[in-house]
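Beneath this line is the structure, given in structure tokens, with notes to follow.
Residue numbers count from 1 along this sequence. Note that the structure is a prediction, hence the values are computed from the model and not measured.
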Amino acid sequence: MDWLVSVAKFLVNEILSQPAYLIGLITAAGLLALRRSAGQVVGGAIKATLGFLLIGAGAGLVVAALAPLGEMIQGATGAHGVIPTNEAIVGIAQAEYGSRVAWLMILGFAVSLVLARCTPLRYVFLTGHHMLFMATLLTMVLATAGQRSWVVVAVGGVLLGIMLVAMPAFAHPWTKRVTGNNTVAIGHFGTAGYVVAGATGQLVGRRSRSTEDMKLPDGLRFLRDSMVATALSMVLIYLIMSLVLLAKVGKESAFKAFATDGGEAAADVGAYVMQSVMQGLQFGIAVAVILFGVRTILGELVPAFQGIANRVVPGAVPSLDAPIVFPYAQNAVLIGFISSFIGGLVSLGLLTWIFEPAFGLALVLPGLVPHFFTGGAAGVYGNATGGRRGAVVGAFLNGVLITFLPALLLKVLGAFGKENTTFGDADFGWFGALVGNAAKAGTVAGAVLMLLVGAVILAAAIVVQKRVVETGWDPGARRDALLGRAGGTAAETPAPTGEAGAPGRPAYAKIAPPPGAPKPPPPPGETG
């Protein structure tokens, strides 16, 4: 049996948990199904793999650029508590539960493919690291509740498979509003925040203009370049926080803020200030790399996926990582990040003054990485249905969710709740707390309750898919009518008369796609 465990660990840790490899293999399979030449298959697979590596490289640069800022905020505010970091808590859990995580993840992915084939939920979840994160979470909460190993793997695998196809369905009406077509879905466990942001945009931003329509004076037109605007905004944030830290802790401590990963402490105030400027510019570069990687992967994966859809899972839609929506509203990404972070700070204040003393909830500090990725995506979703106001309020509520939900999750993590870190994205919080409490009912009763939770989620997702997604409901249609236009931004393209293969259904108002984004596949029987 040891060799089976070794094989399972290899598949999970070296292939399935590496999104780049997974995407390359999926792309190659799709191109083979389309009967492309060997050169096209190899070239397309490599290019898709490189696209995901670019996204990963950009994400690494974002983490590196935000690390000193997090230290500055903690030093300036004096706040201490739990910092949600998915990678950290997963690394801690792997040492104890590695084999169970491996088997659970493999079973969960297999279950998701069966569900995608046999139900209307035609979504194939391709964000490998989030599969690993959710598999680890389920293993932790079930094992902590005292469930036997076979129950952890079997029940956890079923629950994981359900989540992999259900969550993209819940978000898909808003995802289609963002992208303007059905080529991709969101495959990221921050979905609750994105749905809340999109729904909030519908409520608060009916007449609010898009973040991408911001009118600037002639002297500020350079800010229409999203890379410039992002870098400048982060430079200002870094400068402000660095000066606040300097005033509070003094030169000796403040000058060490950038002395990480072998860096040198600032020699004087001038060097310290310029280090802040450089860190903000590095953040702008990181975002640019992510956007380029997204465009690269879209250009290769979506056409290849048509082959898989026709052969393996008819009508399949690839579910991809959160940055896949960033190019559709690049100003909204920055606005969403800032708004989500402010929501985290406000929620931290509420935890400190009310909920920690009254209910014993842990203090959850704003983690800049989850606030950037989930907050940025929430800003895009909020903007799609509610313009600038939707982006701000929707992302703010996302920040509230990813502060309070991790605090609730810590209640079911047992000893792992004392590790000063936890899972950071919204779906880990609500689903982990729900399953963790159900698991405490005992082996049999707990398994029944957990499977019942999964069945309810699956049934709800199928209802949403059949009655909302497939009927062509557009969450931004009322806003478009109030603004007196057919699209979502000033640069929209003409809306189609209906979904492909479904004449007469309501059309989705299109947000202008980013350069290099793929066009939707033609209806059956037509050529592109």
Side-chain angles (χ1 to χ4, degrees), residues 1-23 25-26 86-118 123-167 187 189 312 319 409 412-416 423 427-428 431-432 434-436 438-444 446-455 457-458:
M1 288 298 293
D2 288 344
W3 69 271
L4 283 176
V5 173
S6 298
V7 170
K9 285 185 176 181
F10 172 78
L11 289 174
V12 169
N13 296 329
E14 305 301 333
I15 297 177
L16 295 181
S17 65
Q18 301 296 326
Y21 295 155
L22 186 60
I23 290 297
L25 292 172
I26 292 293
N86 295 329
E87 292 79 4
I89 191 67
V90 167
I92 293 170
Q94 283 287 333
E96 184 172 350
Y97 299 128
S99 61
R100 275 176 278 186
V101 170
W103 286 112
L104 193 156
M105 182 174 173
I106 292 174
L107 176 61
F109 189 61
V111 169
S112 74
L113 293 179
V114 172
L115 292 174
R117 174 80 185 195
C118 301
Y123 303 100
V124 178
F125 199 100
L126 297 178
T127 310
H129 61 292
H130 262 240
M131 277 192 275
L132 176 62
F133 295 165
M134 183 60 80
T136 305
L137 169 68
L138 288 169
T139 302
M140 291 170 66
V141 296
L142 268 64
T144 298
Q147 296 289 343
R148 297 178 181 177
S149 295
W150 70 269
V151 175
V152 172
V153 173
V155 176
V158 172
L159 293 176
L160 175 61
I162 290 172
M163 290 293 285
L164 294 181
V165 296
M167 298 315 295
F189 289 123
V312 182
S319 302
L409 176 62
V412 298
L413 290 183
F416 290 99
F423 293 89
D427 297 338
F428 297 123
F431 188 62
L434 196 61
V435 171
K440 294 178 180 179
T443 301
V444 177
V448 171
L449 284 176
M450 289 185 288
L451 290 174
L452 181 61
V453 168
I457 293 173
L458 181 63

Pair Met134, Leu137 - check side-chain contact (heavy atoms from CB on, under 4.5 Å), show working. CA-CA 5 Å; Met134 183 60 80; Leu137 169 68; 3.8 Å; yes
For Phe189, check ring-ring contact (aromatic ring centres under 6.0 Å, His included) against everything at least two apart and list the hits. Phe125, His130, Phe428
Heavy-atom side-chain contact between Tyr123 and Leu115 under 4.5 Å: no
Would you say the side chain of Phe423 lies within less than 4.5 Å of the side chain of Leu409, judging by non-hydrogen atoms? yes
If we ignore hydrogens and angles and just use 3.5 Å, is the side chain of Ser319 paired with the main-chain N or O of Leu126 as donor and acceptor? no
List the atom pairs, with distances to 0.1 Å, where a side-chain N or O of residues 141-165 and a protein N or O form a donor-acceptor pair under 3.5 Å, not counting sequence neighbours.
from, atom 1, to, atom 2, distance (Å)
Thr144, OG1, Met140, O, 2.6
Gln147, NE2, Ala439, O, 2.9
Gln147, NE2, Gly442, O, 2.9

How long is the gap from [atom1] on [X] to [atom2] on [Y], to the nearest 0.5 Å?
X: Asn86; Y: Leu132; atom1: CG; atom2: CG; answer: 10.0 Å
X: Leu104; Y: Thr136; atom1: CG; atom2: OG1; answer: 8.5 Å
X: Met105; Y: Leu138; atom1: CE; atom2: CG; answer: 12.0 Å

side-chain contact (heavy atoms from CB on, under 4.5 Å) between Phe133 and Ile89, worked out: CA-CA 9 Å; Phe133 295 165; Ile89 191 67; over 6 Å; no
